[in-house]
2 protein chains.
Amino acid sequence: MSNLDRDYCLQLDRQDPLAALREEFDLPAGVIYLDGNSLGARPKAALQRAQQVVQQEWGSDLIKSWNKAGWFDLPSRLGNQLASLIGAAENEVVVTDSTSINLFKAIAAALQIQTKDAQRKTIITERSNFPTDIYMAEGLTRWLDRGYRIVLIDSPEELPQVVNSETALLMLTHVNYRSGYLHDMAAVTALAHHHGALMLWDLAHTAGAVPVDLHAAEADFAVGCTYKYLNGGPGAPAFIWVPQRHQAAFSHPLTGWWGHAAPFAMQPTFEPTAGIRRALCGTQPITSLALVECGLDVFEKTDMQAIRKKSLALSELFIALVESRCGGHPLQLVTPRDPDRRGSQASFTHPHGYAVMQALIERGVIGDYREPAILRFGFTPLYTRFVDVWDAVEVLRDILDSEAYDRHAERHAVT
Amino acid sequence: MSNLDRDYCLQLDRQDPLAALREEFDLPAGVIYLDGNSLGARPKAALQRAQQVVQQEWGSDLIKSWNKAGWFDLPSRLGNQLASLIGAAENEVVVTDSTSINLFKAIAAALQIQTKDAQRKTIITERSNFPTDIYMAEGLTRWLDRGYRIVLIDSPEELPQVVNSETALLMLTHVNYRSGYLHDMAAVTALAHHHGALMLWDLAHTAGAVPVDLHAAEADFAVGCTYKYLNGGPGAPAFIWVPQRHQAAFSHPLTGWWGHAAPFAMQPTFEPTAGIRRALCGTQPITSLALVECGLDVFEKTDMQAIRKKSLALSELFIALVESRCGGHPLQLVTPRDPDRRGSQASFTHPHGYAVMQALIERGVIGDYREPAILRFGFTPLYTRFVDVWDAVEVLRDILDSEAYDRHAERHAVT
């Protein structure tokens, strides 16, 4: 990267094959948004779609919309649209409930399948996994009370030592929410399978940002989020993937009426439906669910390889600029330099991480803060420009050089 | 009801103290909507609120809205707004997840509390309960695998015989979704408590339609729906009530990060927060959730006693008109004639119930069909007029008199 200046970044934008996709989004003026890994920006189409759902489908067509507007089929229809982004086949994904609830279903199903081998009593995951993943495993296993143990590892390098014949389930988030570390999905899944363990992937920070092929990796289950890189809207329902080969054995305790073989027969006994819809439970929040489509539609104008290429170029540029332009400050990169091990973000520690992030946000550069002391910047190739990266680092440099942050700032809740 | 004709109904509307509230709703022209017990009509305010959430809160303020727009507090804030409609106190209700998921939490918590008495192994409910209530109890108890049994009764009259010292939980829907039968909440709760059982009420067809006082009845837990009589929008998140006295002991397996004592501390071990927010699990669908407020706001312009008075007047009128104007047809009332035992609906069986309902819908009279052979009509006092009742019965009479329905109509899924 010779002549690494703002003009060079503008040139990269002019050469960017994804540049036009920024027009699909409504981005506030004066803001550089590097937090799409927390809440994706709004596709322009979402406003009209919200009006359509509220005014026409709910207001005018009322109850008829369950069929006429396809509300009842939305979880499957959106799941099929999402499938190609993660290497899933048709009728293997539904968009429904929250990631937490979907984790519960998948963990339960995995443990149930593993009961044929009584010695498999451990669930392995990372201590640095997003907490809800660990909490849901805790909640389930505490209630089952059958001697399951959760083993927390501190580094992916421990995996070959800890996965063994007692492992029921290996459960990892593909891209770590904090560090951006990206697991080798195929290799880790093969390791789990070598020991007879099942493999559950959380794709919260993967879907829409990093190409994955769940089938090629022979993964067993996956869940993920639609409101980050998929731009589905605040708290939009999550997804769950169950490959065809596991669907018949996919059994979980959240047996609500939407997962019944004949939901409108109103039978007093539960009988799971065939196929992926047995991962459904209760009635879904239609307005939020419908907006997921607007986010997914944008992906039909590009492909995951092009997104990955730009994603890595953005994070490479950001890391290089922070290290060259903010070199004298105590910033420590926690995201892997190896692009094969990096998601679509760059995280740095700083002793006053929270205060620095608050100062950045006040200056219109929106990343986020994560305990402990981590400045996190996410790159959404659909709408982030190279010049945004340049400008963001310049604001960061200015804040650090001038110490324009409040060292005593209190921490507030931010999701 | 002398001189029971259309003019008399118009006169009732002129005298109706709730008449003006119809203006709060957007109702399609040419439609008589008697299905608010399935999906409530759209409050006019919901369109602007949806635009505000999508355009301003999501589009412009992005991630800041978790605090600035109060997204993170929405489950509690809406819960507090809803509380007065059901006799709950402040900080006892959250709006979150689906009714099915909330049932799971409440059933689990009840069984956990009852483990101090090892002989309490039954959950009693009605065979005619809404299926998901039974299914969720099935799912939980099958997975716990500790000898719990679900006892299904066929009539409320069986309750004094079946509730006994083995009963862990009595779980009933206050107003039956199909028949409209309304339980005596205080008496049934007292019966449960007399035998040491806990009492869980499903208020899906109660909240916003029938006054209840959960505290006066000394109920233990309640769940309910916001998209029926509360007009919160299609599939809008449900609610769960846990009274203060049970909150410390309220424990369930769905321990997601939103129920953690310090959700942003990102600790690897779950620790439930104090208070009602321990009933939360994962991230909520904000757009759907926010619209619930528009429905609740309308209730602040009236009170549940006025709603109940009009509700019973509407159902009385409907029943009287069906029986007098459609007298020669094989319609059988399945809803109690006793107003103290009747919710806000009237259901009739007809041998060609499905086909008759389809014909009604084609003529703009929207009720719904429920297996087996039941025509169900719901009355929402906020927007249903007495003249609507007259006109609906006249359309029904015309369809029956002229046999203008397809006896061979196939049944389709309708929620």
Side-chain angles (χ1 to χ4, degrees), chain A residues 26 28 33 35 38-39 41-42 46-47 50 54-55 58-60 62-63 66-67 71-72 98-101 104 127 131-132 134-136 138-140 143 152 233-237 253-257 264-268 270 281-288 291 366 368 371 412-415, chain B residues 26 28 33 35 38-39 41-42 46-47 50 54-55 58-60 62-63 66-67 71-72 98-101 104 127 131-132 134-136 138-140 143 152 233-237 253-257 264-268 270 281-288 291 366 368 371 412-415:
Chain A
D26 183 46
Y33 194 61
D35 208 8
S38 185
L39 172 63
R42 177 172 78 78
L47 182 60
V54 173
Q55 195 161 30
W58 176 17
S60 297
L62 285 158
I63 195 72
W66 283 107
N67 293 315
W71 286 351
F72 193 64
S98 64
T99 305
S100 299
I101 296 289
F104 189 84
R127 194 181 309 279
T132 217
I134 307 173
Y135 301 162
M136 296 311 291
E138 263 189 273
L140 176 69
W143 279 72
L152 299 180
L254 300 174
T255 50
W257 73 304
F264 300 98
M266 305 286 172
Q267 294 301 309
F270 186 76
C281 179
T283 306
Q284 291 302 296
I286 296 300
T287 312
S288 283
L291 302 186
I366 302 184
D368 61 22
E371 296 284 354
H412 298 283
V414 184
T415 51
Chain B
D26 184 45
Y33 193 61
D35 208 9
S38 185
L39 172 63
R42 177 172 79 77
L47 182 60
V54 172
Q55 194 161 29
W58 175 17
S60 297
L62 286 157
I63 194 72
W66 282 107
N67 293 315
W71 286 351
F72 193 64
S98 64
T99 305
S100 298
I101 297 289
F104 189 84
R127 193 182 309 278
T132 217
I134 307 173
Y135 301 162
M136 297 312 291
E138 264 190 273
L140 177 67
W143 280 72
L152 299 179
L254 300 175
T255 51
W257 72 304
F264 301 98
M266 305 287 173
Q267 294 301 309
F270 185 76
C281 179
T283 305
Q284 291 301 296
I286 296 300
T287 312
S288 284
L291 302 186
I366 304 184
D368 62 21
E371 296 285 355
H412 299 284
V414 184
T415 51

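All of these numbers come straight from a predicted model, not from anything done at the bench. Chain letters run A, B, ... following the sequence lines, proteins first, then strands; residues in each count from 1.
Within the 4.5 Å cutoff, the side chain of A/I286 has no heavy atoms near those of the B/S288 side chain. Counting heavy atoms from C-beta outward, B/I63 and A/D368 have side chains that stay 4.5 Å or more apart. The shortest distance between side-chain heavy atoms of A/C281 and B/M136 falls below 4.5 Å.
For the pair B/Q55 and A/L47, the tightest heavy-atom approach, listed with the atom from each and the gap, is NE2-CD2, 3.5 Å. For the residue pair A/W58 and B/A46, the shortest heavy atom distance occurs at CZ3-CB, 3.8 Å.
Residue contact with chain A, scored on non-hydrogen atoms closer than 4.5 Å, involves the side chain of B/L152 exclusively. Proximity to chain B (any heavy atom under 4.5 Å) is restricted, for A/I134, to the side chain, taken from C-beta onward. Heavy atoms closer than 4.5 Å to chain B are found in the backbone of A/Q284, but not in its side chain.
For the options B/G233, B/A50, B/P253, heavy-atom pairs under 4.5 Å to chain A are most numerous at B/P253.
A donor-acceptor pair under 3.5 Å links the side-chain atoms of B/E138 to the main chain of A/F270, judged by distance alone.
Residues passing the side-chain contact (heavy atoms from CB on, under 4.5 Å) test with A/S98, sequence neighbours excluded: A/S100, A/I101. Every residue two or more places apart in sequence or in another chain that forms a side-chain contact (heavy atoms from CB on, under 4.5 Å) with B/A41 is listed here: A/L62, B/F25, B/L27, B/Y383.
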